[in-house]
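Everything on this sheet refers to the single structure shown next.
What you see below is based on every heavy atom in this structure, not just the backbone, and it leaves out hydrogens, waters and symmetry mates. When a ligand or atom number is given, it counts from 1 through the structure's own listing order.
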Amino acid sequence: MTKQVGVLTAGGDSPGLNAVLRGIGKAAQEQFRMEVVGFRDGFRGLMENRTIELNENALSGILTLGGTILGTSRDKPHRMRVGRRLMDMTDAIAENYRKNHLDVLVCIGGGGTQKNAFRLMQKGLNVITLPKTIDNDVAGTDVSFGFDTALGIATEAIDRLHSTAHSHHRIILVETMGHRAGWLALGAGVAGGADVILIPEIPYSIEKVAKAILSRCRGGKHSSIVAVAEGAQSLEDVAVVQKAEGKKKIKQPKTRDGKPGDEIALSDIGHGSNTLGLARQLENLTGLESRVTILGYLQRGGTPSANDRILATRLGTACTALIKDGTYGVMLAARGDRAEPVPLEEIVGKIKTVPLDHSWIESARRVGTSFGD
Ligand code: F6P
């Protein structure tokens, strides 16, 4: 009997989403004669039953396109904004799953999407997930698609920033995305030859960062590039989080320019907008002019790299074989050259941060890069 496959993309957009949709759609239809329907804007489109038929026409010419032709959102099935209220819409979602006679729902996304798919699985839906995120922090997979492209963009940015840093004898801090993981800053920092790399996994001391920069000055190098992950945390940030452990909300410590911080969620400590303050601190401690470049959404946009196209095509097409066999409740992980199904319960709620003994950290230290520790 012809299988009915539903697909959605959820969470932040990322290069490679269209490549994976094409991989799933083409293999499902050409190899297995399955029917594929896409839901718009992540779990919201499934809740509102907004569909798009992913036929040959819709899948043609999208391999190299950035973003997602389905649209995406960060909506969660169990806490969805409906009017002015946050509501549990899992039943409505399950209803639409049945209305569309789906045999399986393929959810393409990062850590949050794995959790949301798992919840739907617990409601009795057949789900398969695929790991997407520029942050590379999905547990259980060697790599997620989107990361390679973002890494290339961040590396090119660092390459270009060297010119200005060198010509003006400045410190340039370049902030990458990455959420709570340091993969992007670390990878781009190593590839782009950053002099300092600050990642959430290694809390930094601002004095040690300044010391590393001043020691470069003494060696005649009056410019420095600091690659900062958006989630990088100073030792003080970490101490504040530890002190507040267990509490839901805390007062943010004074910002680096001395102003009192707003009340923020505990989990937001050290996340975002710290880099400007960090630049001011480094300027004060080193006497060198400091500038900031925040790469932001540039890292998520545009055409996927060749590696991401290959990875997305590998995972997308391999996913259809799982559907054929009826292997559900799994994330299809990239492991070496293989695509391996991993039970969702093994990875849900986990994040893959950079191990402290990772070879990228070791190599960076060997070429004299400071981590501010
Ligand atoms: O997870 C991908 C990511 O780009 C993170 O690196 C970043 O912290 C976050 O999404 C930004 O989210 P939003 O698109 O909601 O601003």
What do you reckon, does Gly110 put a non-hydrogen atom under 4.0 Å from ligand 1?
->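 Under 4.0 Å: no for Gly110.
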Which option, Thr133, Asp135, Asp137, Ile134, owns the non-hydrogen atom nearest atom 5 (C) of ligand 1?
->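 Minimum heavy-atom distance to atom 5 (C) of ligand 1 goes to Asp135.
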Among Gln299, Glu230, Arg74, the residue with a heavy atom nearest to atom 15 (O) of ligand 1 is Arg74
Assess whether atom NZ of Lys76 is packed by more than 12 heavy atoms of other residues, nucleotides or ligands within 6.0 Å.
->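 Atom NZ in Lys76 is not crowded, with 12 or fewer foreign heavy atoms closer than 6.0 Å.
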Around atom NZ of Lys208, are there more than 12 heavy atoms of other residues, nucleotides or ligands at under 6.0 Å?
-> no
Pairing of Arg160 and Glu156 as salt bridge, 4.0 angstrom limit |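 Salt bridge between Arg160 and Glu156, a charged N being under 4.0 Å from a carboxylate O: yes.
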Between Arg366 and Glu362, is there a salt bridge with N-O shorter than 4.0 Å?
->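 Yes, this pair counts.
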Gly178 N/O under 3.5 Å from ligand 1 N/O = yes
Mind checking whether Trp183 and His358 have parallel, tilted or perpendicular rings, split at 30° and 60°?
->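 The arrangement is perpendicular - the two ring planes meet at more than 60°.
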Can you list the atoms of ligand 1 that are under 4.0 Å from a heavy atom of Tyr297?
-> 13 (P), 14 (O), 16 (O)
